[in-house]
Amino acid sequence: MAVATLANPTRFSALAGRLLPFVLAAALITLAVGLYLSLFVAPADYQQGETVRIMFIHVPAAWLSMFGYGLMAVAALGTLVWRHPLADVAAKATAPIGAAFTFIALATGSLWGKPMWGTWWQWDARLTSVLVLFLMYLGLIALWRAVEDPARAARAAAVLILVGSVNLPIIKFSVDWWWTLHQPASVFRMGGPTIHPSLLVPLLVMAGGATLLFLALVLIGMRNELMRRRIRALGLRAAAAR
Amino acid sequence: MTLFLALVRQTIRAAFGQGGGAFTGLLFYFSVVATLPFAIGPDPATLSRIAPAMLWLGALLATLFGLDRLFQDDRDDGGLDLLVLSGLPLSLVVLAKSLGHLVATGVPLLLGAPLFGLMLGLDAGAIGWNVAALALGLPALTFIGAIGAALMVPLRRGGLLVAVLILPFTVPVLIFGVAAAGAETSQPMLLLSALSLAATVLGPAAGAAALAAALD
């Protein structure tokens with residue numbers, strides 16, 4: 001099936017509705033297995049103790065915060081270049097979910113930071129970049145809400161998303177530079193780059209489950225957004241007929 | 001080219017004319033710099049240590065708050081439609097309007113900055129570096145801000161939203177700007193210039209896309 005046939009919102013909704021139970025079930029099963037592995041099977045870290053288990057939520061959420069922005073950037077291209085009618089629906093549905101995962105990454109990072117670094121928040125390079133990403137998600141959501149006409153909001157948001165995707169690496173680079181300039185490496189040493197398979201396997205399972213959950217939520221969000229637009233169109237038509 | 005220069009001139013004249021905000025920006029800058037010591041305390045050592053940060057934050061806010069009406073006034077009086085029909089590419093329209101804004105609000109800020117630096121206890125050398133860094137960084141702030149201003153066109157009011165959208169993008173400018181003012185090496189100054197040059201390209205292009213999206 002070509003992507004073009006999916007451009008029809010009704011057909012997409014129907015297909016998404018049929019796929020959704022499977023994606024959701026796969027997500028829940030994977031997450032259940034992943035949680036069991038990470039909470040009961042994975043050993044506690046010899047230095048960090050039980051708190052290492054926060055990683056199994058934290059790291060997938062952090063990955064997906066970036067995955068979400070990537071997804072929106074592709075959708076923004078779809079809006080601006082091909083004017084694909086579903087591209088903006090996808091981007092708009094992804095934004096709050098991406099923001100939520102970014103928030104989870106920040107919140108769990110904070111919870112992990114308290115016992116490990118002794119502070120809830122540290123102006124560490126990576127934390128700061130993720131915080132800026134979070135702000136960008138919120139700004140985009142605000143822009144979508146501020147522009148009344150969905151078609152105009154779609155293209156305005158798409159422009160901002162693409163500007164952001166150019167800027168994100170620059171922000172990341174500058175924040176890294178700023179941090180290495182101002183702070184000597186004092187706080188954060190995460191046991192080296194290698195991670196033992198006993199921790200890696202649960203982490204990957206959790207990442208897979210979280211990704212499936214993310215996709216399922218995006219599908220749900222897209223269907224809701226399509227219905228919201230249909231309601232808006234019906235309302236406009238009813239108002240015009242009166 | 002004549003059209004382009006005329007648009008730059010018109011933007012500058014509008015900013016200095018009746019109802020323009022050119023001096024309001026400078027006044028806002030002054031107010032921010034004058035209010036912060038009340039929050040921080042009058043200790044000269046502390047003030048001179050954070051002076052570059054205050055000079056940059058004030059300039060950043062003054063630039064952004066002046067920007068949200070950059071295209072909205074033209075939209076309200078129909079001038080924007082005429083500009084679209086004029087045959088001048090939209091990216092050049094954005095470039096001309098931003099250049100006009102840069103001259104009309106940026107230059108007063110640069111003239112005010114040495115005085116504010118003096119009041120915050122910076123010595124002459126530091127003031128020179130700070131003003132040089134501001135001069136190199138203001139184009140980046142203006143051109144990035146122009147994207148936000150163009151995004152405000154379909155809205156009835158822009159107000160705070162432009163700052164919310166644009167502030168995250170100004171993080172690199174702020175980092176290298178403050179660093180350039182206090183560094184012994186030229187590296188941050190060069191990076192700051194690079195950001196300004198990149199913004200000169202990206203800002204008008206993205207701003208034109210935003211205008212096109214808002215107008216058709």
Side-chain angles (χ1 to χ4, degrees), chain A residues 69 76-77 79-81 83 88 95 99 102 123 125 127-183, chain B residues 53 68 94 140 143-180 182-185 187-188 191-192 194-195 198-199 201-216:
Chain A
Y69 202 91
L77 269 183
T79 304
L80 287 179
V81 179
R83 307 219 160 178
D88 173 58
T102 314
W123 289 95
L127 266 70
T128 316
S129 313
V130 175
L131 185 67
V132 173
L133 178 66
F134 185 56
L135 284 177
M136 283 169 57
Y137 271 122
L138 296 186
L140 275 166
I141 296 170
L143 182 65
W144 260 303
R145 294 179 65 100
V147 185
E148 218 167 296
D149 175 27
R152 281 186 180 167
R155 268 169 293 155
V159 170
L160 192 63
I161 292 169
L162 288 182
V163 172
S165 62
V166 174
N167 256 313
L168 267 176
I170 302 177
I171 294 172
K172 177 86 181 89
F173 162 75
S174 63
V175 167
D176 281 345
W177 187 90
W178 162 76
W179 190 74
T180 44
L181 186 77
H182 285 263
Q183 307 229 354
Chain B
D68 68 312
V94 178
F143 289 120
I144 296 172
I147 304 172
L151 288 172
M152 294 302 108
V153 169
L155 269 64
R156 250 173 251 115
R157 334 203 124 270
L160 277 180
L161 186 58
V162 88
V164 168
L165 296 183
I166 293 306
L167 276 176
F169 294 147
T170 60
V171 166
V173 184
L174 210 56
I175 289 175
F176 294 125
V178 174
E184 294 84 26
T185 59
Q187 186 197 16
L191 285 166
L192 191 63
L195 284 178
V201 177
L202 182 70
L211 278 187
L215 289 175
D216 70 0

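- Applying a 4.5 Å heavy-atom cutoff, the residues of residues 202-209 of chain B that approach chain A are L202(B), A206(B), A209(B).
- Between A213(B) and A156(A) the shortest heavy-atom distance is CB-N, 4.3 Å.
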Donor-acceptor contacts, no H, no angles, side chain residues 165-180 of chain B, under 3.5 Å, sequence neighbours left out:
from, atom 1, to, atom 2, distance (Å)
T170(B), OG1, L167(B), O, 2.6

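- G139(A) and V164(B) get closest at one heavy-atom pair: CA-CG1, 4.0 Å.
- Heavy-atom neighbours of chain B within the stretch residues 147-155 of chain A, taken at a separation under 4.5 angstrom, comprise V147(A), E148(A), R152(A), R155(A).
- Below 4.5 Å, heavy atoms of chain B meet heavy atoms from V163(A), G164(A), V166(A), N167(A), I170(A), I171(A), F173(A), S174(A), V175(A), all part of residues 162-175 of chain A.
- Residue L191(B) touches chain A through its side chain alone, counting heavy-atom pairs closer than 4.5 Å.
- Note that CG of L160(A) and CD1 of I147(B) are 8.0 Å apart. Values are rounded to the nearest 0.5 Å.
- Residue L133(A): no heavy atom, backbone or side chain, is found under 4.5 Å from chain B.
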